[in-house]
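Remarks on the structure that follows.
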Amino acid sequence: QKEVEQNSGPLSVPEGAIASLNCTYSDRGSQSFFWYRQYSGKSPELIMFIYSNGDKEDGRFTAQLNKASQYVSLLIRDSQPSDSATYLCAVAGNTPLVFGKGTRLSVIA
Amino acid sequence: DTAVSQTPKYLVTQMGNDKSIKCEQNLGHDTMYWYKQDSKKFLKIMFSYNNKELIINETVPNRFSPKSPDKAHLNLHINSLELGDSAVYFCASSPFGQTGLFDTIYFGEGSWLTVV
């Protein structure tokens, strides 16, 4: 059974701080890793994907992957109240994306 | 220009009824999916089709029957609806990815199903 684990939160950070979201996965054969953001009542939207070990930066977002530790993280720099949402980690390989249950982030103005 | 569109967005129906949700994507993707998000917000795959062929069927009751008339459309028909079927159903599609068949998923807006 492939599993993706996330802390459900809520994770509260002050505006302007760095938010750090973490995810672990069970399937060592996983090859691609994704972070989605979901606002309440809306569909998930892709923020970033990462395939290789290390860091990948896109604007205020940095995804980090460590395949040896089966660990993926998302850093959000200069957090804004508009970043308040549920962040879903997802993992894929020879099967479709398996999602974690999401971490609810609250950015306090 | 909506990439993945599904209808209806909201559906309220009585137990025992049969209902359908339609989905269309204009992204040119070969793979389409149905995901279910329950009241605890857990998003779980139900079905996956690649170029009209069923490739994934995840322990879903056979009251749920997907149908893909072509690779741009994937519909979901649900028979004999039960209270526990109340959820949000997301249609999605993905291209053939860098690492293989399954890659970045693009979701439709969701269909909120309430069974009373």
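In the text below, chain A, chain B and the rest are named by the order of the sequence lines, each starting its count at 1.
- Of the two parts of A/Glu45, neither the backbone nor the side chain holds a non-hydrogen atom closer than 4.5 Å to a non-hydrogen atom of chain B.
- Only the side chain of B/Ile56 comes within contact range of chain A, with heavy atoms under 4.5 Å apart.
- Using bins of under 30°, 30° to 60° and over 60° for the plane-to-plane angle, the ring pair A/Phe34/A/Tyr51 lands in the perpendicular bin.
- More than 12 heavy atoms of other residues, nucleotides or ligands lie within 6.0 Å of CD in A/Gln64, so this atom counts as buried by the packing criterion.
- Of the two parts of A/Leu97, the backbone and the side chain both hold a non-hydrogen atom closer than 4.5 Å to a non-hydrogen atom of chain B.
- Other residues, nucleotides and ligands place more than 12 heavy atoms under 6.0 Å from the CZ atom of A/Arg37.
- For A/Ser8, no part lies near chain B; criterion is any non-hydrogen pair under 4.5 Å.
- The 12-atom threshold is exceeded at NZ of B/Lys9, counting heavy atoms of other residues, nucleotides or ligands nearer than 6.0 Å.
- Contacts between B/Glu58 and chain A at a heavy-atom distance below 4.5 Å are absent for every atom of the residue.
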Exercise. B/Ile105 and A/Tyr36: side chain to side chain contact (heavy atoms under 4.5 Å, CB included), yes or no, with the steps?
Worked result: CA-CA 10 Å; B/Ile105 282 182; A/Tyr36 284 79; 3.5 Å; yes

